[in-house]
Amino acid sequence: MFYKMKSYRNINAIKHLLFSSYPILILFLILNSCSSVSYESVYPTLRDGKYDSEFPYKGSSDELESITQTVRRITSTGFYKSYFFDMADKITLNEIRNSSPEELSLESGYADQSASGTATIIYHNEGKVALLTCAHVVNYPDTVISYFYNDEGNITPFVEAMLIKDTEVIYAAGFPEGSKLEIIAMDNKHDIAIIGRDYHELSNYHFPVFNYPTGSAKDLEWGTFVYVFGYPMNYQMITKALVSSPNRDSEGSFLLDAVVNKGYSGGIVLAIRDGVPNFELVGIVQWVPEEKNNIIIPGKRKDDEPYNSLIPYDGELFVKRDSEIKYGIAKIISTETIQNFVENNKQNLYDQGYYLNKYLKD
């Protein structure tokens, strides 16, 4: 009797253990079955042929690092001969054209303007190398004119200063032979430029080229996930963003919520079609909104010594034009615009030995 009672108690104990563990057992079976499900089933949109809106489901650091090797920081400088005129002489632009700035100016000198941005190596063959960037990063106007203002703050027809471009230089960081490049083709209206150089004596030099497919910005949707490459403040960086306002115009331009800074202009934007590493070029960064304001500042002290904020300032005041970047909005030039640009400049590029057929429309 004792033996049977012991067995009965053991059976009850087993039943209790099974039923009390039933939820855990079911959860284990579910998790175990999920581990064998492919990513295509968990993420069905990865195989829909569209650009992905999800954060990448697996790492792609190796591919991203390889892409960064093709992205370069560029700087450009325009050098100007400057002429300054006396308000009392009331010199107009027509008078300068009919004479010369040398004869009419009160004094002359030299000035320069500089800019920096991002460019990507898109071509290299037999020593010729070409990079894609924005025109405003490398282009400077031939002539810059400023006019006097009257006491009421209105602009007058009298020229205050005239700057005439003398030379312009473009450099790509890390390139051989001083890194100096030239403009191969440019479109100021659409803000696109191809810069490069013929390194005929260095035909065996290796330039890493961006070799991922050219995508279609018109296929982007609200919330499409993208990567953005650039050199903000001269630091190489990658950031992520989401697409807003796709197809803002007939050429497929769009906006990003990327927090980009100065130096990102010309940086490539990559979308992902059906999972990493299926990157496609969908555009380049054009600009971020910038608000300009006039602010009053004190005069500059000798050796740039700071002012004591606890002591009232009673010296001369000056007006400075200040700009403030509105972070979180970036306008992108679409691949369709880039392809149209290459198509329109195809013969010019061919004549110079640059065969960018990959960037032509199908």
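This structure is a prediction, so every number in the text was calculated from the model and none was measured. The chain is numbered in sequence order, starting from 1.
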- prompt: Does Q352 use its side chain to pair, donor to acceptor, with the backbone of I184 at less than 3.5 Å?
  reply: yes
field: Heavy-atom check, side chain of R72 versus side chain of P208, under 4.5 Å
entry: yes
query: Hey, is the main chain of I91 close enough, under 3.5 Å, to the side chain of D89 for a donor-acceptor pair?
result: no
message: Quick check: is Y231 connected to L132 through a chain of hydrophobic side chains (ILVMFWY, heavy atoms under 4.5 Å apart)?
response: yes
message: Aromatic contact between Y350 and Y355, with the criterion being ring centroids under 6.0 Å apart: yes or no?
response: yes
message: For A88, is there any backbone N or O sitting under 3.5 Å from a side-chain donor or acceptor partner on D86?
response: yes
- prompt: Any link between Y264 and F254 through a network of hydrophobic side chains (Ile, Leu, Val, Met, Phe, Trp, Tyr) touching at under 4.5 Å?
  reply: yes
task: List the steps, then state whether ring-ring contact (aromatic ring centres under 6.0 Å, His included) holds for Y83 with F85.
output: CA-CA 7 Å; Y83 301 92; F85 304 90; 7.2 Å; no
- prompt: Atom CG of L64 and atom OG1 of T68: how far apart are they, to the nearest 0.5 Å?
  reply: 8.0 Å
query: Do Y227 and I67 touch side chain to side chain, with heavy atoms closer than 4.5 Å?
result: no
query: Which is it for F55 and F225 under the ring-ring contact (aromatic ring centres under 6.0 Å, His included) test, yes or no, and what are the steps along the way?
result: CA-CA 7 Å; F55 191 89; F225 180 90; 5.4 Å; yes
field: Passing option when S99 is tested against E102, E103, E95 for side chain to side chain donor-acceptor pair (under 3.5 Å)
entry: E103
- request: Give the intermediate values and the outcome of side-chain hydrogen bond (donor to acceptor under 3.5 Å, both in side chains) for residues E251 and S334.
  value: CA-CA 7 Å; E251 296 180 328; S334 68; 5.7 Å; no
message: With a 6.0 Å cut-off on the ring centroids, do F207 and Y199 count as close?
response: yes
query: Which value, rounded to the nearest 0.5 Å, describes the distance between E160 atom CD and L106 atom CG?
result: 11.5 Å
- prompt: So, the side chain of D52 versus the backbone of R273: is there a donor-acceptor pair under 3.5 Å, distance only?
  reply: no
task: Could you go through the side-chain hydrogen bond (donor to acceptor under 3.5 Å, both in side chains) check for N340 and E336 one step at a time?
output: CA-CA 6 Å; N340 287 334; E336 283 81 356; over 6 Å; no
field: hydrophobic_cluster_shared for W222 and L220, side chain cutoff 4.5 Å
entry: no
task: Under the side-chain hydrogen bond (donor to acceptor under 3.5 Å, both in side chains) rule, what do T75 and S116 come out as? Steps first, then yes or no, please.
output: CA-CA 4 Å; T75 58; S116 63; over 6 Å; no
task: Would you indicate whether E126, at its atom CD, is surrounded by more than 12 heavy atoms from other residues, nucleotides or ligands within a distance under 6.0 Å?
output: no
task: Look at atom OH of Y149 and say whether more than 12 heavy atoms of other residues, nucleotides or ligands are closer to it than 6.0 Å.
output: no
message: Counting only heavy atoms from other residues, nucleotides and ligands, does the tally under 6.0 Å from CE of M237 exceed 12?
response: no
- prompt: Taking everything shown except E201 itself, do over 12 heavy atoms lie less than 6.0 Å from its CD?
  reply: no
